[in-house]
Amino acid sequence: MDEQLPVQVTLTEIKTETPSVKTFFFDRTFAFEPGQFVMVWVPGVDEVPMALSSPNSVTVQKAGDATGAMFDLRVGMGLGIRGPYGKGFTRGEKMLAIGGGVGAAPLLPLARSDCVMTLLLGARTEKELLFVDQLDESTDVIIATDDGSLGQHGYVTDLFKEINPAVYDRIAVCGPEPMMRAVLAAVDTIGFAAKTEFSLHRYMKCGVGICGSCCIDHEGLRVCRDGPVFSGEQLKKSEFGHYTRDASGRKKKI
Amino acid sequence: MDEQLPVQVTLTEIKTETPSVKTFFFDRTFAFEPGQFVMVWVPGVDEVPMALSSPNSVTVQKAGDATGAMFDLRVGMGLGIRGPYGKGFTRGEKMLAIGGGVGAAPLLPLARSDCVMTLLLGARTEKELLFVDQLDESTDVIIATDDGSLGQHGYVTDLFKEINPAVYDRIAVCGPEPMMRAVLAAVDTIGFAAKTEFSLHRYMKCGVGICGSCCIDHEGLRVCRDGPVFSGEQLKKSEFGHYTRDASGRKKKI
Amino acid sequence: MVVLRTEPVTIGGVTLNNHLLLAAGVLGTTGASLSRVLACGAGGVVTKSIGPQPKDGHAGPCIALLDDGILNAMGLPNPSREFTGELSGLGSKPVIVSIFGGDPEEFAEVAGWFKGMAAGLELNLSCPHAEGYGASIGVNPDLVEKCTRAVSTLGMPTWVKLTPNVTDITAIGKAAERGGASAIVAVNTVKAMRISTALRRPVLGNRYGGLSGEAIFPVAVRCVYELYEACSLPIIGCGGISSADNVIEMMMAGACAVEIGSAVQKHDITVFETIKNDLYAKKGIDPAEIIGCAHG
Amino acid sequence: MVVLRTEPVTIGGVTLNNHLLLAAGVLGTTGASLSRVLACGAGGVVTKSIGPQPKDGHAGPCIALLDDGILNAMGLPNPSREFTGELSGLGSKPVIVSIFGGDPEEFAEVAGWFKGMAAGLELNLSCPHAEGYGASIGVNPDLVEKCTRAVSTLGMPTWVKLTPNVTDITAIGKAAERGGASAIVAVNTVKAMRISTALRRPVLGNRYGGLSGEAIFPVAVRCVYELYEACSLPIIGCGGISSADNVIEMMMAGACAVEIGSAVQKHDITVFETIKNDLYAKKGIDPAEIIGCAHG
């Protein structure tokens, strides 16, 4: 197996990105492919998967005990990290990226690798838009907000209807699952499902493909090892957008 | 550690060399340095160290339960072998080799590697001389027998007095310990102790330098790992030639 | 290298496609995952362990990957009775449901949910006793016998998975036998711990965990060997098996079949096909020729 | 990476040159070998186990080298009382004599031979009871207490080495504590077996053996951790330690010092210097700052 005990990192900077999202920078870099995740150990609390937003940062929305505990951490405190794990985005040359809310986190390193031509960025409201400035430096950003406070009044799926998908070789999507499901329907209509990849989020315990907590129906694909990035073809007939499972394994509607 | 479980070999030929010595040929070759030994597992009996007389043979004198059981084996039967272990002879270019009884066994591969100019070979009687023909093919053999039935009437130490040691760059000795002790005294007198190596035999259990059964006084050198080949300088002030230890670790005079 | 002939095999009342089962707790969470592993060549699959109430399991970290094994403390997460819904798509496939409970009544209750739904049941005894002080049910022969009987009386094949964390595993094996077990599975994980010297605390959220994988293979072989001498039940070996040679070794120790878990992490799901390629051949021998042959 | 300050340390009544001891059964057969290991940097040395009568030990093979450990069944070979002659040249060096017996009387008898000759005694409890059916003394708390008391009353530092092959090692630790032990050594080898699939028989002459080395390090850490919570005695960790980080981990679990055995086979006698170079520094911390710190 080669020993993969967590390595300790010390927090060097904590940046509040939006009212519900922070980026935690640490003192070690990890070589990773955009879309891969690390298992982050908040000592004394829990260990949860988080997407790397750069070689030395994770960007996180406060959502449960572990992320809640992280939000109470200060610079100089420690975390344990193991990984990166999983299958990241397949890189194209002229990509379209679609991100919603904290889903923009793994799309930032993708954009910074100079393969994304256009990025459709959505959030509920202007304040919740993530990484607008950073993304602007690497790609063309088109914005939509649910409440119209910035950019188009509506969803990224509305933006998608207005662009010409044919100019892109691949599409990368990351955001709330209902948004991603809607994008899958849209790309499938135009025959782009195979060239579109979605980064899934599922409850994980081990992160390395053994416990089965993150298996999705109906092929039994493991989000931590066969994903978290999947193609639209893989997801079309899956539970994606319909239900997920909780820590005990019980199904929960999305 | 890298797994070193015994490998199975099948006996392909059993050759009676002398009334008390047999060579057992098997169906696998082992890369080894002359002087190294293998741990030979006689299934259901014991596991004991034996010198390799060639890449696919051990030459053995019947001396206890394990060797006794080996003498009852037939072609087609199996043994377990692990190794080779230990430090073999340092190769010179113009070596003198001195062998007594079954001690000639590790000297055969040394002679066959074309570095031995002269080999002094001793035994109690002509019938107990080992590998005379084979050695004759690779080096100049001078013989002594205790009873004078062949060659000089006397010991290899007598032969040693009659040769000129200065023409040799190294000396390799293997045989009964009293014989080897006498040779050590002789080479030490002429300042050759550092260039002379002796192959020791001690009771062994593990063969890999952990149990301590084969440690010799007074430096605690391990015959299986620091030896079995030692220089005369290492042995001068040791138990060599004086006492050994039995399976329980009690001292026994030689 | 011994090779076996390819054939289905019936052990402890369950007919398997081959001798290699997926061990409990490894990818056995959903019907889809169990199907996938069967399609990847496993001869049978054991599910995650199902208990009387839904459980989220322990706080993480739940796993630590070592050089020669895995340390885990999942904490028996399971959806309880809802799991029956996962089995409907598996029909008559060789699926064994792993179950646990805090006492014989709970074992019987959980077992009852799966009657007619699976090829058999495997009792996970490495679970806390309802009123115990942390010691697992599996260390107490009397409790093992009672829990086994509570399930075996329901009439389904009842395998009992033993913990190696006992002074005398043969006493536990005999207790399972008295309780009417159809087969013994040896063994579950070895109680262990690692500490992060960087973070100065145990690497697992639960502190203690179970060690599996290559590190415990010699312990598992020894347990199978001891149980083969002490008990008359068929034995299924489990613990660090990752190659065809390991399977043969387990059989020589006395096992009729094996369960594979940690190797699925190290070598991925293709490990079943890999082992099958080395293990089976048309002209292979009948395993009966080697099962227990190391007892000479 | 934590580094410790360089200093002698007194544990369980014995003053050691540093925290790294040679474990029993490894090169501890002769005074010359013990001296050599001390000269190679060990802070103390434990001898081979000495018993009431001379023993040749088991028929071979006595050892099997695995990828991640060693399996051995030496069978307690020892020269018995004659061993006192090996100690005369060691003077006041930190030498601990490992002893065993079949009952408390034999333990006391053997211990008596070494009074005034060694820095302390370590009881090897992984030996058969004189009238037992193969089970070792170390699985029986009552016997452990009696054997410990029989030796501790003689007044020498008395370390008790526990076997991990029990359901509850804390019960054994407490028994040793009641018996007057000066320190607990955790742990001896894990009962295990390997079978040669080529020769179709166990690789060891004795069939069963003890597993040591890296494979059992997580078991040893867990035992030290459990004993640190259950007992008040100083604990010496043993089992698969081969690096400075392992030493620190053992200390965080609760150990004051460690014994090293299998690593001497894998890394040779220079392992003590290698670990010391990584472990100690002039500006290192007092180990007391980390001993037991993983108990948070």
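In what follows, every heavy atom counts, from backbone to side chain, and hydrogens, waters and symmetry copies are set aside. Every chain is numbered from 1 and lettered A, B, ... according to where its sequence line falls, protein lines coming before strand lines.
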K.L.:
Pick whichever of L71(D), L76(D), L199(D) has the most heavy-atom pairs under 4.5 Å with chain B.
P.N.:
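Most pairs with chain B among the choices: L199(D).
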
K.L.:
Sort by residue number and list every member of residues 81-95 of chain D having a non-hydrogen atom under 4.5 Å from chain B.
P.N.:
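Listed by number, the contacting residues are E82(D), E86(D).
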
K.L.:
Hey, does the side chain of D46(B) reach the backbone of G60(D) with a donor-acceptor pair shorter than 3.5 angstrom?
P.N.:
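Yes.
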
K.L.:
Quick check: do I216(B) and T30(D) have side-chain heavy atoms less than 4.5 Å from each other?
P.N.:
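They are not in side-chain contact.
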
K.L.:
Are H218(B) and S35(D) side-chain neighbours, meaning at least one heavy-atom pair lies under 4.5 Å?
P.N.:
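Sidechains of S35(D) and H218(B): no contact.
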
K.L.:
Output the residues of residues 13-37 of chain B for which the shortest heavy-atom distance to chain D is under 4.5 Å, in residue-number order; output 'none' if no such residue exists.
P.N.:
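Answer by number: none.
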
K.L.:
Which of residues 173-203 of chain B get closer than 4.5 angstrom to chain D, counting heavy atoms alone?
P.N.:
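At a heavy-atom separation under 4.5 Å, chain D is reached by Y203(B).
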
K.L.:
Measuring only between side-chain heavy atoms, which start at C-beta, is R36(D) closer than 4.5 Å to D226(B)?
P.N.:
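Yes, at least one pair of side-chain atoms sits under 4.5 Å.
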
K.L.:
Using non-hydrogen atoms only, which part of V45(B) is less than 4.5 Å away from chain D: side chain, backbone, both, or neither?
P.N.:
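It is the backbone, since no side chain atom gets that close.
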
K.L.:
So if I take each residue of residues 185-192 of chain D and look for any heavy atom under 4.5 Å from a heavy atom in chain B, which residues do I end up with?
P.N.:
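None at all.
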
K.L.:
Before accepting this row, confirm whether a basic side-chain N of the pair D56(D)/K205(B) lies closer than 4.0 Å to the acidic partner's carboxylate O.
P.N.:
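Salt bridge between D56(D) and K205(B), a charged N being under 4.0 Å from a carboxylate O: no.
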
K.L.:
Between L65(D) and E3(B), is any pair of side-chain heavy atoms under 4.5 Å apart?
P.N.:
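They are not in contact (no side-chain heavy atoms under 4.5 Å apart), so the answer is no.
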
K.L.:
Could you grab the distance from atom CE of M39(B) to atom SG of C62(D), nearest 0.5 Å is fine?
P.N.:
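Output value for this atom pair is 7.5 Å.
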
K.L.:
Does Q265(D) reach the side chain of R225(B), with side-chain heavy atoms less than 4.5 Å apart?
P.N.:
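Sidechains of R225(B) and Q265(D): in contact.
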
K.L.:
Go through it in stages, so that I can follow the logic: the residues are R82(B) and V203(D), the test is side chain to side chain contact (heavy atoms under 4.5 Å, CB included), and I'd like the CA-CA distance, side-chain angles, deciding distance and then a yes or no.
P.N.:
CA-CA 11 Å; R82(B) 60 185 178 95; V203(D) 295; over 6 Å; no

K.L.:
Less than 4.5 Å to any heavy atom of chain D: does that hold for the side chain of L221(B), its backbone, both, or neither?
P.N.:
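Contact with chain D involves both backbone and side-chain atoms of L221(B).
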
K.L.:
With a cut-off of 6.0 Å (strictly less than), are more than 12 heavy atoms of other residues, nucleotides or ligands near NZ of K87(B)?
P.N.:
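Yes.
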
K.L.:
If we define contacts as heavy-atom pairs under 4.5 Å, which of S248(B), G80(B), G220(B), G212(B) has the most with chain D?
P.N.:
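Looking at each option in turn, the highest pair count goes to S248(B).
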
K.L.:
If you tally heavy-atom pairs under 4.5 Å against chain B, which of P61(D), A59(D), P77(D), A198(D) wins?
P.N.:
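Among P61(D), A59(D), P77(D), A198(D), the one with the most close pairs to chain B is P61(D).
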
K.L.:
Rounded to the nearest 0.5 Å, how far does CZ of R222(B) lie from OG of S33(D)?
P.N.:
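The CZ atom of R222(B) is 8.0 Å from OG of S33(D), to the nearest 0.5 Å.
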
K.L.:
Can L5(B) and L66(D) be said to form a side chain to side chain contact (heavy atoms under 4.5 Å, CB included), step by step?
P.N.:
CA-CA 7 Å; L5(B) 294 185; L66(D) 312 181; 3.8 Å; yes

K.L.:
Find out whether R201(D) and P43(B) are in side-chain contact, i.e. whether some heavy atom of one side chain is under 4.5 Å from a heavy atom of the other.
P.N.:
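Answer yes - side chains close enough.
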
K.L.:
Would you say I210(B) and L27(D) make side-chain contact, with heavy atoms under 4.5 Å?
P.N.:
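Counting from C-beta outward, I210(B) and L27(D) never come under 4.5 Å.
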
K.L.:
Heavy-atom pairs under 4.5 Å with chain B are the metric here; pick the option from I63(D), L34(D), N72(D) that has the most.
P.N.:
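The candidate making the most pairs under 4.5 Å is I63(D).
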
K.L.:
So, for C211(B) and T29(D), which heavy atoms are closest and what is the spacing to 0.1 Å?
P.N.:
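Heavy-atom minimum between the residues: O-CG2, 3.4 Å.
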
